[in-house]
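Naming convention: chains lettered A, B, ... in sequence-line order (proteins, then strands); numbering from 1 in each chain. Just the heavy atoms: all of them, side chains too, but no hydrogens, waters or symmetry mates, feed the values below.
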There are 2 protein chains.
Amino acid sequence: MPEMTRIQRRNRDVILGAGLKVFSQYGFRGATLDQIATEAGLSKPNMLYYFKSKEAIHNALLEGLLDTWLNPLRALDPAGDPLEEILSYVHRKIEMSRDFPEESRLFANEIVHGAPRIHDALSGELKTLVDEKAKVISGWAEQGLIQPVDAHHLIFSIWALTQHYADFDVQVRAVLDGKDPYEDASAWVDTVFRRVLTKD
Amino acid sequence: MPEMTRIQRRNRDVILGAGLKVFSQYGFRGATLDQIATEAGLSKPNMLYYFKSKEAIHNALLEGLLDTWLNPLRALDPAGDPLEEILSYVHRKIEMSRDFPEESRLFANEIVHGAPRIHDALSGELKTLVDEKAKVISGWAEQGLIQPVDAHHLIFSIWALTQHYADFDVQVRAVLDGKDPYEDASAWVDTVFRRVLTKD
DNA sequence: TCCGTATTTGACCAATCGGTCAAAGACACG
DNA sequence: CGTGTCTTTGACCGATTGGTCAAATACGGA
């Protein structure tokens, strides 16, 4: 659908924004079309004129999401400095948690519920990319450029640590008494992976 | 309610087990009473004879959960060996992820959705315990018994890393081609926190 | 055995859900 | 201005949901 009027493009964007907000907060089944329509400032039938079902909205969101989510990992450069490359990845990921927490929670929701709609992408696209980058990291370790690591689990750790701040935001803020966590979090994850990867 | 017949205790247990399974997989709104009743092998009205609403089942589950979940942290002994105490905590947590993944996902679901039902417990009971234990860990660091750390974020990291294997199970297994992750995960998190906490 | 209580169930209900449809209104273009 | 298309909406529908209720059944103690 390359042909779209201004109205179509604007309303699709508005709907996807509303869908992101509502789906990320209530989950797929917990979200209602009326909620999304209200959030988007449209009537329900009007919204369904642009996306023919609730699933269509959700799918459109997930479609773009996995790609965006994996971009920082794609950018990990085999020719770069190992420590610097990995730490850059960590920082890009934590910035995404800070700047796009709803996207993170939408993704988390899908995975926690068993990834019924993106399971193929996980064992396809995602696995392929992770395997490729894990090989790069393992190579670095074998050359002694970083400490020995289980590259797959290192990547899991980066995901877990960085996304935790978006997915478990309320818990983190409850413990920190509402204080913004991201400044300290950024410094902390830097320290963690620096210690894990270097000997000094 | 200290007075309970065998039937009552058995059926309450059966219902809670079914509720855990269904709620952890589909979320609160995604789960239906019919689903839970079928899973429990009871008729819906019969189930509602033991718990008067869907929320009552969910609340009963969450009530016991937070306590169980925090027990390993409570066990962290200020008088013990710092490295050993923290690593024990890490291992207990990863064992809980392996042995009780549904509990972990039920909890994750609640937090991701903004913790509408346990927010008070987070900023009360949870925060109090975390602050207390963070103080212990900070003390250890100041005495030079472990490397300098941000104790609160260290605890977040332990939660994030260990619970990731339960909450994001499908993703982990998709990447690892279905292979059981826990043996390597256990060794990996041990390595991670050993490197973070010690200098050598 | 009998009886009061605990347990179980089929039938039902009001509310909410995702989605449809026909018709009305806005817009672009000759 | 007219006309064909794009956009918007109120009214509505069948299905599902959480929950109720009266009646039937099982159980335990005297």
Side-chain angles (χ1 to χ4, degrees), chain A residues 1-63 106 109-110 113-114 116-117, chain B residues 1-63 106 109-110 113-114 116-117:
Chain A
M1 26 211 80
E3 297 295 335
M4 273 206 232
T5 68
R6 270 165 270 129
I7 294 179
Q8 279 173 334
R9 199 169 292 280
R10 176 175 55 88
N11 280 347
R12 285 183 59 101
D13 284 356
V14 163
I15 292 167
L16 288 178
L20 173 63
K21 187 166 175 179
V22 177
F23 281 132
S24 68
Q25 184 169 1
Y26 299 100
F28 180 74
R29 291 205 52 178
T32 73
L33 287 177
D34 292 275
Q35 246 178 317
I36 300 172
T38 300
E39 181 70 37
L42 299 171
S43 68
K44 186 167 60 172
N46 194 13
M47 186 172 72
L48 288 165
Y49 172 74
Y50 292 100
F51 292 89
K52 70 167 187 285
S53 71
K54 188 183 180 180
E55 268 216 45
I57 303 176
H58 197 252
N59 286 344
L61 282 168
L62 284 180
E63 221 165 278
L106 182 70
N109 232 298
E110 180 69 8
H113 290 19
R117 298 157 218 283
Chain B
M1 26 211 76
E3 298 296 333
M4 271 206 235
T5 68
R6 274 168 268 125
I7 294 179
Q8 279 173 335
R9 200 170 292 281
R10 177 176 54 89
N11 279 346
R12 285 183 60 100
D13 284 357
V14 163
I15 292 166
L16 289 177
L20 174 62
K21 187 166 175 180
V22 176
F23 281 133
S24 68
Q25 184 168 3
Y26 298 99
F28 179 74
R29 292 205 53 180
T32 74
L33 287 178
D34 292 277
Q35 246 178 318
I36 300 172
T38 300
E39 181 71 35
L42 299 171
S43 69
K44 187 168 59 171
N46 194 12
M47 186 170 72
L48 287 165
Y49 171 73
Y50 292 99
F51 292 90
K52 71 167 190 284
S53 70
K54 187 183 180 181
E55 268 216 47
I57 303 176
H58 197 251
N59 286 345
L61 282 168
L62 285 180
E63 221 164 278
L106 182 71
N109 232 300
E110 179 69 9
H113 291 19
R117 298 158 219 280

Looking only at heavy atoms, the pair that brings B/I36 and B/M47 closest together is CG2-SD, 3.7 Å

N/O (side chain, B/Y49) to phosphate O (OP1/OP2, C/dT7) under 4.0 Å: yes

ask   = When all nucleic acid strands are considered with a 4.0 Å heavy-atom cut-off, which category describes B/A31: base, sugar-phosphate, or nothing?
value = sugar-phosphate

Atom CD of A/Q8 and atom C1' of C/dA28 are separated, to the nearest Å, by 14 Å

message: Once you apply a heavy-atom cut-off of 4.0 Å, does B/A37 come out as touching a base, just sugar-phosphate, or nothing?
response: nothing

To the nearest angstrom, the OH-P distance between B/Y50 and D/dG18 comes to 20 Å

Evaluate the ring planes of A/H113 and B/H113, with Trp represented by its six-membered ring, and classify them as parallel (under 30°), tilted (30 to 60°) or perpendicular (over 60°).
tilted

Quick note, B/L48 side chain, CB onward, closest among D/dG19, D/dG18, D/dA11 is D/dG19

Here the distance between atom P of C/dG18 and atom NZ of A/K44, to the nearest Å, is 7 Å

Here the distance between atom C1' of C/dG19 and atom CD1 of A/I36, to the nearest Å, is 13 Å

Per atom distances to the B/D34 side chain, the nearest of D/dG18, C/dC17, D/dT8 is D/dG18

A/S43 has its side chain closest, among D/dG19, D/dC21, D/dT9, to D/dT9

Q | Aromatic ring pairing B/F23/B/H58, orientation class (parallel under 30°, perpendicular over 60°, tilted between) | A | perpendicular

Between CD1 of A/I57 and C1' of C/dC17 the distance, given in whole Å, is 14 Å

Rounded to whole Å, the CZ-C1' distance (B/F51 to D/dT20) equals 19 Å

B/M47 CE to D/dG18 C1', in whole Å, measures 10 Å

Looking only at C/dT7, C/dG18, D/dG18, the nucleotide nearest the A/L33 side chain is C/dG18

Exercise. Compare all side-chain heavy atoms of B/E55 with those of B/F28 and state whether any distance is below 4.5 angstrom.
Key: yes

Taken to the nearest whole Å, CZ/A/R9 to P/D/dT7 is 12 Å

Of B/E55 and B/I7, the one whose closest nucleotide on DNA chain D sits nearer the 5' end is B/E55

Nearest heavy-atom approach of B/S43 to B/A37 is C-CB, 4.2 Å

Of A/N46 and A/R29, the one whose nearest nucleotide on DNA chain D sits closer to the 5' end is A/N46

